[in-house]
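Note sheet for the following structure.
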Amino acid sequence: MSVESMNRRNFFKEAGLLGAAAAGAAFALSACGKSGAPAAAAFTCTDTTGLSEAEMGARMEAEYSDTSKVAGKNCENCALYNKAASADVCGGCKVVKGPIHPKGYCKLWAAAPS
């Protein structure tokens, strides 16, 4: 084994350790200044345990996401959304099976009647 390959190996080993330490520090610092209570939007509605393959396929076809990237359009103002008992619990949908986040979105969104 040459000295050059040993130095390269050590370099990558050290770089990997440094990267892991930086990621850990960034994670620790991201929690600074935050209260211990989780934010209202911190819950997710991605547990699809119990859905059939067809239901999962329909969910994926609708491009469901827990967050909306379309201004003014989310599940809670969609005509197909079944509101949950409280704001921090997943609701449902008349078309997309499984848990639905009130701030979520899919391409089947339809304006709720006002």
Whether over 12 other heavy atoms sit under 6.0 Å from Glu61 CD: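 For Glu61, atom CD is not crowded (no more than 12 foreign heavy atoms under 6.0 Å).
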Residues, nucleotides or ligands: over 12 heavy atoms within 6.0 Å of Lys69 NZ: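 Not buried by this count: 12 neighbours or fewer within 6.0 Å.
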Measure from the side-chain N and O atoms of [X] to the backbone N and O of [Y], and report whether any donor-acceptor pair falls under 3.5 Å.
{"X": "Ser68", "Y": "Gly104", "answer": "no"}
{"X": "Thr48", "Y": "Leu51", "answer": "no"}
{"X": "Asp66", "Y": "Cys45", "answer": "yes"}

Cationic N near anionic O, under 4.0 Å, Glu76 to Lys83: no
Distance (rounded to the nearest 0.5 Å) between Tyr81 OH and Cys93 SG: 10.0 Å
Between CD on residue Glu55 and CE on residue Met60, distance to nearest 0.5 Å: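 Result: 14.0 Å between the selected atoms.
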Identify the heavy atoms of [X] and [Y] that sit nearest to each other, and give their distance.
{"X": "Cys106", "Y": "Ala62", "value": "CB-O, 3.1 Å"}
{"X": "Glu63", "Y": "Lys107", "value": "OE2-NZ, 3.8 Å"}
{"X": "Cys90", "Y": "Ala84", "value": "O-CB, 3.4 Å"}
{"X": "Ala111", "Y": "Ala79", "value": "O-CB, 3.6 Å"}

Tyr64/His101 aromatic ring centres below 6.0 Å: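 For Tyr64 and His101, the ring centres are not under 6.0 Å apart.
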Polar contact flag, side-chain donor to acceptor under 3.5 angstrom, Trp109-Asn77: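 Their side chains do contain a donor-acceptor pair, which is all the 3.5 Å distance test asks for.
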Single-linkage hydrophobic cluster, 4.5 Å side-chain cutoff, Ile100 and Val95 together: yes
Worked check of side-chain contact (heavy atoms from CB on, under 4.5 Å) between Tyr105 and Ser65: CA-CA 5 Å; Tyr105 177 79; Ser65 172; 5.5 Å; no
